[in-house]
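Numbers restart at 1 for each chain; the letters A, B, ... are given by sequence-line order, proteins then strands. For clarity, every value in this text was computed on a predicted model and none was experimentally measured.
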Protein chains: 2
Amino acid sequence: MNFEYLIKTHNLKVTAQRVSILENMNNYGHINIDELFLEVKKNFNNISLATLYKNINLMIKNSLIKEVKIASYKSKYEIKKDTHAHILCTVCNEFEDLDFNCSLAVDNVEKTTAYKIDNSEFIFSGICQKCQ
Amino acid sequence: MNFEYLIKTHNLKVTAQRVSILENMNNYGHINIDELFLEVKKNFNNISLATLYKNINLMIKNSLIKEVKIASYKSKYEIKKDTHAHILCTVCNEFEDLDFNCSLAVDNVEKTTAYKIDNSEFIFSGICQKCQ
DNA sequence: GTATTTGCAAATGATTTGCAGTGCT
DNA sequence: AGCACTGCAAATCATTTGCAAATAC
């Protein structure tokens with residue numbers, strides 16, 4: 001994935017810190033602020049949480065990344081892609097994307113409510129096969 | 001709705017503050033901490049945020065209420081009922097329950113992932129008909 | 001009567017802001 | 001030169017904790 005291009009096309013300036021943030025989000029799939037801080041620190045020893053938060057908020061505003069809020073956990077951040085569902089195992093804390101037809105549900109809701117939907121969240125949580 | 005009974009059957013002691021918390025959750029449908037604080041203050045002038053948080057956390061632990069986390073907003077709390085979806089208008093901030101067949105989706109996910117699902121969140125957001 | 005709850009104040013944790021210095025174009 | 005970005009320190013906002021007095025059962 002070309003992160004510099006991704007940043008530019010979302011109307012932001014390319015900085016090494018921003019590239020590192022996106023690289024780590026991409027590697028983890030979903031990453032919370034503390035994990036991100038530890039990872040980015042490996043390349044930028046002096047980076048501050050303030051810089052992370054500023055960049056995350058900017059990237060969210062410019063629709064480059066997305067915050068996923070999860071009850072009882074810290075928010076996770078992911079690079080924005082087509083709407084998809086998430087599934088969480090509350091025992092091992094595995095958190096994954098799920099193959100689930102969201103657009104069908106969205107179409108349905110738009111028809112029945114007359115809302116124009118621009119975002120949707122689907123989070124399933126429970127116990128994965130290994131942990132049962 | 002009989003709130004005292006509801007509290008007792010969830011193994012908690014009945015206090016006037018707890019009843020008031022549930023009454024307000026029920027009236028609002030979904031309520032955030034600041035709204036709840038203002039409302040409960042009308043009956044209990046000296047109630048503190050600490051008491052609200054303590055009670056909310058206890059009630060969540062005992063499955064009496066549920067926290068709904070929403071990106072860009074403060075969490076809302078609701079009295080627990082059968083799984084249902086939510087819809088948010090990002091213009092007027094209207095937040096409502098949605099008639100949406102969640103159990104069908106849950107069954108499906110359990111089959112395809114072999115997870116045992118015990119909770120799920122469905123939040124649609126966009127612009128309601130009035131605000132379009 | 002005992003254990004739990006309440007309300008206050010203080011502590012902790014999370015996020016944001018202001019500002020001086022740096023770097024990019 | 002000018003503008004945006006970074007990193008630090010401090011400020012703000014959100015939530016939790018400890019404790020003494022009050023209340024539920």
Could you state the atom-to-atom distance from NZ of B:K8 to C1' of D:dA24 in whole Å? 11 Å
Could you check how far CG of B:L36 sits from P of D:dA14, rounded to whole Å? 15 Å
Are the aromatic rings of B:F37 and B:F44 close, with centres under 6.0 Å apart? no
For B:F37 and D:dA14, give me the distance from atom CZ to atom P, rounded to whole Å. 12 Å
The complete set of side chain to side chain donor-acceptor pair (under 3.5 Å) pairs with one or both residues in residues 1-13 of chain A, sequence neighbours excluded, reads none
Please list all pairs meeting ring pair (Phe, Tyr, Trp, His ring centres under 6.0 Å) that have one or both residues in residues 13-36 of chain A, counting only residues at least two apart or in different chains. A:H30-A:H86, A:H30-A:F95
When you measure from the side chain of B:T51, which nucleotide among D:dG7, C:dG7, C:dT16 comes out closest? C:dG7
Can you build the contact string for nucleotides 17-25 of chain C? Use B for base contact, S for sugar-phosphate-only contact, and - for no protein heavy atom under 4.0 Å. BB-------
Can you name the salt bridge (Lys or Arg N to Asp or Glu O under 4.0 Å) partners of B:E110, sequence neighbours left out? B:K116
Within the pair A:N55 and D:dT6, is there a side-chain N or O less than 4.0 Å away from OP1 or OP2? yes
Rounded off to whole Å, could you give me the CG-to-C1' distance for the A:N11 and D:dA4 pair? 14 Å
Starting at CG of B:N32 and ending at P of D:dC13, how long is that distance when rounded to a whole Å? 15 Å
I'd like a list of close polar pairs between nucleotides 12-14 of chain C and the protein, N/O only, cut-off under 3.5 Å.
residue: C:dA14; atom: OP1; partner: A:K74; partner atom: NZ; Å: 3.4

Whole angstrom value for the distance that separates P of D:dA4 from CD1 of A:I7: 17 Å
Measure from CG on B:L12 to C1' on D:dA24 and round the result to the nearest Å. 13 Å
Kindly write out the residues that satisfy ring pair (Phe, Tyr, Trp, His ring centres under 6.0 Å) with B:Y77, not counting sequence neighbours, or none if the list is empty. none
Which residues pass the salt bridge (Lys or Arg N to Asp or Glu O under 4.0 Å) test with A:D34, sequence neighbours left out? A:K74
What distance separates A:N26 CG from A:I21 CD1, expressed to the nearest 0.5 Å? 13.5 Å
Hey, does the side chain of A:T15 come within less than 4.0 Å of D:dA4's phosphate (OP1/OP2), counting only N and O? no
For A:D97, all residues meeting salt bridge (Lys or Arg N to Asp or Glu O under 4.0 Å), sequence neighbours excluded: A:K81
Rounded to the nearest angstrom, tell me the gap between atom CG in A:L49 and atom P in D:dA11. 18 Å
Has B:N57 got a side-chain N or O lying under 4.0 Å from the OP1 or OP2 atom of D:dT16? yes
OP1, OP2 of D:dT23 versus side-chain N and O of B:Q17: anything below 4.0 Å? no
Applying salt bridge (Lys or Arg N to Asp or Glu O under 4.0 Å), can you list everything that pairs with A:K42, at least two apart in sequence or on another chain? A:E39
